[in-house]
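This report concerns only the one structure given below.
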Amino acid sequence: MLDINLIRNDPEGVKTSLLKRMDSLDFTRLLECDRLRRNLLAESEKLKAERNRVSALIPRLRKEGSNIDTLLSDMKKTGDLIKEHDTTLESIEAEIHSFLESLPNIPAADVLPGGKENNKVVREWGVKPVFTFPPKDHMTLSKSLGLIDYERGAKLGGNGFWIYRGFGAVMEWALLNYFVEEHLKDGYEFILPPHILNYQCGYAAGQFPKFVDDVFHLKQDEGKGSGQFILPTAETALVNIYRDEIIEEANLPLKFFAYTPCYRKEAGSYRAEERGMIRGHQFNKVEMFQYTKPEDSENALEELVGKAESLVKGLGLHYRVSKLAAGDCSASMGKTCDIEVWIPSMNDYKEVSSASNGYEYQSRRGNIRFRRKDSKKNEYVHTLNASGLATSRLLPAIMEHFQHGDGSITIPEVLRKWTGKEILKP
RNA sequence: GGAGAAGUACCCAAGUCGGUCGAAGGGGACGGUUUGCUAAACCGUUAGUAGGGGCAACUCUAGCCGGGGUUCGAAUCCCCGCUUCUCCGCCA
């Protein structure tokens, strides 16, 4: 959600920035509604002041025995007029609100305009593995090693679900342990949130109403519940922990990480090349999250990217970091860096972490502020999130990177304390 | 799932028959005075917030869980939700 004052004071400036990620934009109606709203509000409030004044008078007049019949009927009329004003006001405000909430975040100044094609690789680490034998893809490997059961996963949940079996589950759990351990070391607070959230959570995160169809909703009895859904990422939960709260400045920054599976419909996004566990309806992810003061959020983003990178480095996987163009960032985010790991069989890089600065976009939607110690003023916090990391592309990457001609796989050293093995043989 | 109770400012809490109640009284916090010492007594301040109007001092409006309603007027009455607590039932 953007600040209407920003648009009111500098419509052209905001427009220029937003056009980096939008095709067209017109503020005329919004500004008109804004003027209309303020006029109507002034009118209605004047009437309310009058009503308050007279209502206070009535008991006194009654005690004195004055005739107040005409006064009462006048006030009845005033009341009706107020109601009338407020009804129009409500519809104008609804229009303003729905326009504002549909606007994406303003891209940071250093973010390039346009879509995916303008994403910029800012650095790479490691090298693509070279094989002296015909390498297998992760589906073949995971099947021959008995790590993942795709067929029975589909039997249980449908297409897009799989089962981690035996050592596959051990590997998955080892990855998660590795992440958890690193984040704890860095002083982040470990959160295990509910997986079912209410509508407001999706709204504050900026995912609703636009992407309301991309998540799984719970069917509720008539009038019961409040649009509960299963979370598509732990971010949705983490951003809402402090919804409608004012945080003391001294407590910032707040640094969290959470483990949850992520549940997504991913409707229509399946492609043959994304077989296996590259894209599914449910995947495991550890998510990092920070609430910061505005002046600290740029550095916090660097910190998050650095943390995500060091996790991939620790696994020894070749990756690159891309700064996304404005149009490729999710709507709530003003700046996003993706960490993409090399998947040999796909001959492509795939996202394993997305680190973003939401600036005050989410905190406005969720009404999350902090109180400055000196001025005692409340300001919106900045929110940042970054995967640290999503596992479903790492396991394929690990299998493919570290495979040998005989179908065995070397397990990255950082995971061995949990896997208890160095090499996995078919 | 069934029954009951409750939700008032940072916390606890009073609020009568609807009318100077935007809210008594505590505690805490902050400021001050005095006596003195790892404190005490006394005095004072302590809705915050959001949205309007005004250059400003200032002023208006809304806020007593949320949303509706009744009324000239609602913290107070009515309806619908949400949350918490207690008891019962069921259960990993």
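Just so we're on the same page: letters track the sequence lines, and every chain starts at 1.
Here B/rC55 sits opposite no nucleotide as a Watson-Crick or G-U wobble pair (both hydrogen-bonding atom distances under 3.5 Å). Pairing for B/rG44 is with B/rC30, a Watson-Crick or G-U wobble pair whose two hydrogen-bonding atom distances lie under 3.5 Å. Nucleotide B/rA9 is matched to nothing when pairs are restricted to Watson-Crick or G-U wobble geometry with both distances under 3.5 angstrom. The partner of B/rC77, taking Watson-Crick or G-U wobble pairs whose two distances both stay under 3.5 Å, is B/rG69. Remark: B/rA62 base-pairs with B/rU49. Criterion, Watson-Crick or G-U wobble with two distances under 3.5 Å. Under the Watson-Crick or G-U wobble criterion, with both distances below 3.5 Å, B/rG4 is paired with B/rC85. The partner of B/rU16, taking Watson-Crick or G-U wobble pairs whose two distances both stay under 3.5 Å, does not exist in any strand shown. B/rA24 makes up no base pair with any nucleotide shown, lacking Watson-Crick or G-U wobble contacts both under 3.5 Å.
Backbone-only contact: A/Leu41 has heavy atoms under 4.0 Å from sugar-phosphate atoms and none from a base. A/Arg35 comes within contact range of no nucleotide atom at all, as no heavy-atom separation falls under 4.0 Å. The residue A/Lys83 sits close only to the backbone: its heavy atoms come under 4.0 Å of sugar-phosphate atoms, none of a base.
A cation-pi arrangement is found for A/Lys307 relative to A/Tyr188, the charged atom lying closer than 6.0 Å to the ring centre and inside a 45° cone about the ring normal.
One P atom belongs to B/rG52, the other to B/rG15, and the distance between them is 38 Å to the nearest Å. The same atom, C1', is picked in B/rU33 and in B/rC85; the two are 45 Å apart, to the nearest Å. Across the P atoms, B/rU71 and B/rC12 are found 36 Å apart, a figure rounded to whole Å. Between B/rA23 and B/rU59, the two P atoms lie 15 Å apart (nearest whole Å). Between the P atoms of B/rU16 and B/rA24, the separation comes to 15 Å (whole Å). The C1' atoms of B/rC77 and B/rA3 are separated by 25 Å, rounded to the nearest whole Å. Across the P atoms, B/rC80 and B/rG26 are found 39 Å apart, a figure rounded to whole Å. Separating the P atom of B/rG69 from that of B/rA75 is a span of 15 Å, rounded to the nearest Å.
Aromatic ring centroids of A/Phe257 and A/Tyr259 lie 6.0 Å or more apart.
Put simply, CZ on A/Arg243 is 13 Å from C1' on B/rG66, counting in whole angstrom units. What separates CZ of A/Arg371 from P of B/rA47 is a distance of 13 Å, to the nearest Å. In this structure, OH of A/Tyr199 is placed 21 Å from P of B/rG66, rounded to the nearest angstrom. What separates CD1 of A/Ile82 from C1' of B/rU70 is a distance of 16 Å, to the nearest Å. In this structure, A/Leu81 places its CG atom 15 Å from P of B/rC72, rounding to the nearest Å. Atom-to-atom, CG of A/Leu57 to C1' of B/rG73 comes out at 12 Å; the value is rounded to the nearest Å. One interatomic measurement links the two molecules: CZ of A/Phe370 to C1' of B/rU49, which rounds to 16 Å at whole-angstrom precision. Remark: P of B/rG52 and CG of A/Leu36 are 14 Å apart, rounded to the nearest angstrom.
In this pair, A/Tyr242 and A/Phe256 present their aromatic rings parallel. The plane angle is below 30°, not in the 30 to 60° band. Between A/Tyr199 and A/Tyr203, the ring planes are parallel. Angles under 30° get that label, and only those over 60° would be called perpendicular.
Checking A/Glu90 against A/Asn5, the closest nucleotide of RNA chain B that is more toward the 5' end is the one next to A/Asn5. Mapping A/Asn378 and A/Arg62 onto RNA chain B by nearest heavy atom places A/Arg62 at the nucleotide closer to the 5' end.
The side chain to side chain contact (heavy atoms under 4.5 Å, CB included) test with A/Phe229 singles out one residue from A/Ile196, A/Leu197, A/Val212, and that residue is A/Leu197. Each of A/Tyr361, A/Tyr359, A/Phe370 was evaluated against A/His382; a single residue qualifies, A/Tyr359, per the ring-ring contact (aromatic ring centres under 6.0 Å, His included) test.
Taken to the nearest 0.5 Å, the CD atom of A/Glu379 stands 14.5 Å off from the CD1 atom of A/Ile368.
In A/Lys155, the NZ atom is not crowded: 12 or fewer heavy atoms of neighbouring residues, nucleotides or ligands sit closer than 6.0 Å. For A/Arg165, the CZ atom sits in a loose shell: 12 or fewer heavy atoms of surrounding residues, nucleotides or ligands are nearer than 6.0 Å.
Shown here, B/rG63 is classed syn by the O4'-C1'-N9-C4 or O4'-C1'-N1-C2 angle, which is within 90° of 0.
Distances shorter than 4.0 Å separate none of the side-chain N or O atoms of A/Arg38 from OP1 or OP2 on B/rG51.
Considering only heavy atoms from C-beta on, A/Met171 stays 4.5 Å or farther from A/Leu175 through its side chain.
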Q. If the sugar-phosphate is the primed atoms plus P, OP1 and OP2 and the base is the rest, what is the B/S/- string for nucleotides 59-64 of chain B, using protein heavy atoms under 4.0 Å?
A. -BBS--
